[in-house]
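Throughout, protein chains are lettered first and strands after them, A, B, ... in sequence-line order, and every chain is numbered starting at 1.
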There are 2 protein chains.
Amino acid sequence: MVTSEQVAQLAGVSRATVSRVLNGSARISDDARERVHKAIKALGYEPNVVAQNLARPRSRMIALGLFHDNEGLAISQLGRTENYFYIDMVRHIDRCVAEIGYDLFMPSLPRSKPESYIRSLQARRAAGIIMLAVDQSDPRIEALIQAKIPTVFVDAMGEGSHATYAQSNHLEGARQVGEHLLALGHRRIAFLIEPLSNPTSTERLLGCQQVLARAGVPFDPGLLCQIEWSTDEAYHATKEFLSRRRDFTAIVAGSDMMAIGILRALHEAGLRVPEDVSLTGFDDVVLSQYTTPPLTTVRQDKEALGKGAVQRLIALIEETGDVSPLIVPSQLVVRESTGPAPVSS
Amino acid sequence: MVTSEQVAQLAGVSRATVSRVLNGSARISDDARERVHKAIKALGYEPNVVAQNLARPRSRMIALGLFHDNEGLAISQLGRTENYFYIDMVRHIDRCVAEIGYDLFMPSLPRSKPESYIRSLQARRAAGIIMLAVDQSDPRIEALIQAKIPTVFVDAMGEGSHATYAQSNHLEGARQVGEHLLALGHRRIAFLIEPLSNPTSTERLLGCQQVLARAGVPFDPGLLCQIEWSTDEAYHATKEFLSRRRDFTAIVAGSDMMAIGILRALHEAGLRVPEDVSLTGFDDVVLSQYTTPPLTTVRQDKEALGKGAVQRLIALIEETGDVSPLIVPSQLVVRESTGPAPVSS
DNA sequence: CTGAAAGCGCTTACAG
DNA sequence: CTGAAAGCGCTTACAG
């Protein structure tokens, strides 16, 4: 591996000077700058980022975490169906982070206590962390805030001197769903959603409830079903649910990936979508247009979320710029899984 | 942050000794070992892995790469529908790597030449790399082999003094598909598969061809359609294909994610699956049991692949153990997207 | 068994 | 503008 020492020798300067031209320091003679650049090119030099991260007061590594079931292995969690939406979003985060010259990494930390999670993060010298959090009560949220590690939470509402958050306007999205179903004549609507320890879930429920309440539609608690949110679990839970109740004309699923499982349970039960029952999702994952029928859902603006989260994290790290919570508008997308409520029932 | 220096002081030993007990060096007095452990616990010490990776002759970081369209941003690539199968596999890789005390990272490297890709990898001090490669002609494959960076290729056939590969037995899986369709009476079978620059694709085609040829079924080149392999592209390509030809009773899709797109195009064209046309996929991604109808496919053993790849990479890095290419058996899973060939046509 | 010293490859005050 | 030196937090021969 070629080092800055070799570049310095070839250019006839010191390592300090090489470092300075690399980091765009101001006071460098044009002559020196040019000689260094020439040497870098000739040698194919690329600075050792591990050494840089150790030497600099602040590293250029951003950690991406995903809290799920108290697991620390972020990459593994990302592969669970319930997190497919985040995969779409992470693509934008990745791109955005690369553009500003930082490295993104997903620390695979063993399951452990919050304090040790923090220490592992520090041991890896993360400059900051983007935390995809699905459970507001996860103790690591508070631990990150206390530790004053620059953090942007996505879908959890952590705030502090070095923390802020970004999320879609789930409430507004849910209201659109409520209005859409209402307009189609639905009155008895079932909610198959994630446990309400997930704030996203709560907002989605609330948005629908608000609209229905204003329209004078009574809320039937028996039609509210909190289920775990993988496609598999949604499928099984729906089968069980259908064995108890069928007196509804529409289902609001907590997410698209849940809707995919619900759809199958509905098919197997001989219920047609949307003729017998309408179904809506949330998120607009790539696959929601490939279900049978294609899914009516609420689109989250993945790009705005991803870029916004990165921008705020940098602002937090560099202590300059906008660090206010980011709320991104979301938008109902009507496809073919919703239709008029059946007249008889 | 607490450093090894502080631990040393509290334990009344030198930093060297702290380092030795941490790394399980043999010759350490029980007394010293115990004092150090006590100090570590008292201080909540966790070694700085960045410093470790710099100081050690060999780091404990494993890079995960994904070559796709000459892009370097691995995490972004992973989120494309065409790579959903790899997401499932990566979960096992992640877990396995964490178990042996290594860190997994997905370098987000800007699009660049092979040489500079190699340099970036070295600049990040990767001990080795697991390369998910989808195009055998990608120049980075050869570059990695030449550079003698320990590498395990998945789905590309790179071999060298420091390189080996792991993949499913796609040929055998494809034979099972061919036999299954043959047994159901299909004779005119369309292949909508990835471009043959992808060796996986070639093997899958070949396996089916072999079986059909042995059965005396002629191969119609007009029924072979090489299309890009995202769900989207498969959908659009299928629409186009259906406008030209419909004289087939079965479609072999190059992958499950392609089959999902194909399924939609078939629905829209008014063709019923499997009554009018049977459809098979490959991979058995999580979602293949949630399509309508659930997909007949070939299951890849993700766990065996992931674990096997990691085991071989470690063998390559430590220069001891089995580094022979790993071929994992795969297995037809019959679900509801295949049925008897329609009698009339 | 253990410590002092050199080294991993950078960056950054400190002088000049 | 530029270099010599110290430092980032570890590990590992080298002695003893």
### Query
Is there a side-chain contact between N198(B) and Q136(B), using heavy atoms and a 4.5 Å cut-off?
no
From [options], pick the nucleotide closest to the side chain of [X]?
X      : options                  : result
T17(A) : dT2(D), dG3(C), dG9(D)   : dT2(D)
L54(B) : dT11(C), dT12(D), dC8(C) : dC8(C)
R20(B) : dG9(D), dA4(D), dA13(D)  : dA13(D)
S19(B) : dT12(D), dC10(C), dG9(D) : dT12(D)

### Task
Check every strand shown and say whether V13(B) touches a base, only sugar-phosphate, or nothing at a heavy-atom separation below 4.0 Å.
sugar-phosphate
Grab the [atom1]-[atom2] distance between [X] and [N] for me, whole Å please.
X       : N       : atom1 : atom2 : result
R124(A) : dC8(D)  : CZ    : C1'   : 18 Å
R60(B)  : dC10(D) : CZ    : P     : 14 Å
Q52(A)  : dT12(C) : CD    : C1'   : 13 Å
L22(A)  : dT12(C) : CG    : C1'   : 14 Å
R56(A)  : dT11(C) : CZ    : C1'   : 8 Å
E34(B)  : dT2(C)  : CD    : P     : 13 Å
L43(A)  : dG9(C)  : CG    : C1'   : 15 Å
N48(A)  : dC8(C)  : CG    : P     : 11 Å

Main chain of [Y], side chain of [X]: is a donor-acceptor contact present, judged purely on distance under 3.5 Å?
X       : Y       : result
R124(A) : S120(A) : yes
R60(B)  : Y102(B) : no
S59(A)  : N53(A)  : no

### Task
By nearest nucleotide on DNA chain C, pick out whichever of D31(B) and R15(A) is the more 5' one.
D31(B)
#### Entry: Position toward the 5' end of DNA chain C (nearest nucleotide), A51(B) or A32(B)
A32(B)
If the cut-off is 4.0 Å, is [X] near the phosphate of [N], judged by side-chain N/O to OP1 or OP2?
X      : N       : value
N23(B) : dT11(D) : yes
S29(A) : dC1(D)  : no
S4(B)  : dC10(D) : yes

#### Entry: Ring centroid separation F153(A) to F67(A) under 6.0 Å
no
### Query
Between the base of dG9(C) and the side chain of R125(B), is there a donor-acceptor distance below 3.5 Å?
no
### Query
For dG3(C), which nucleotide is its Watson-Crick or G-U wobble mate, given both distances must be under 3.5 Å?
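With both distances under 3.5 Å, dG3(C) matches dC14(D).
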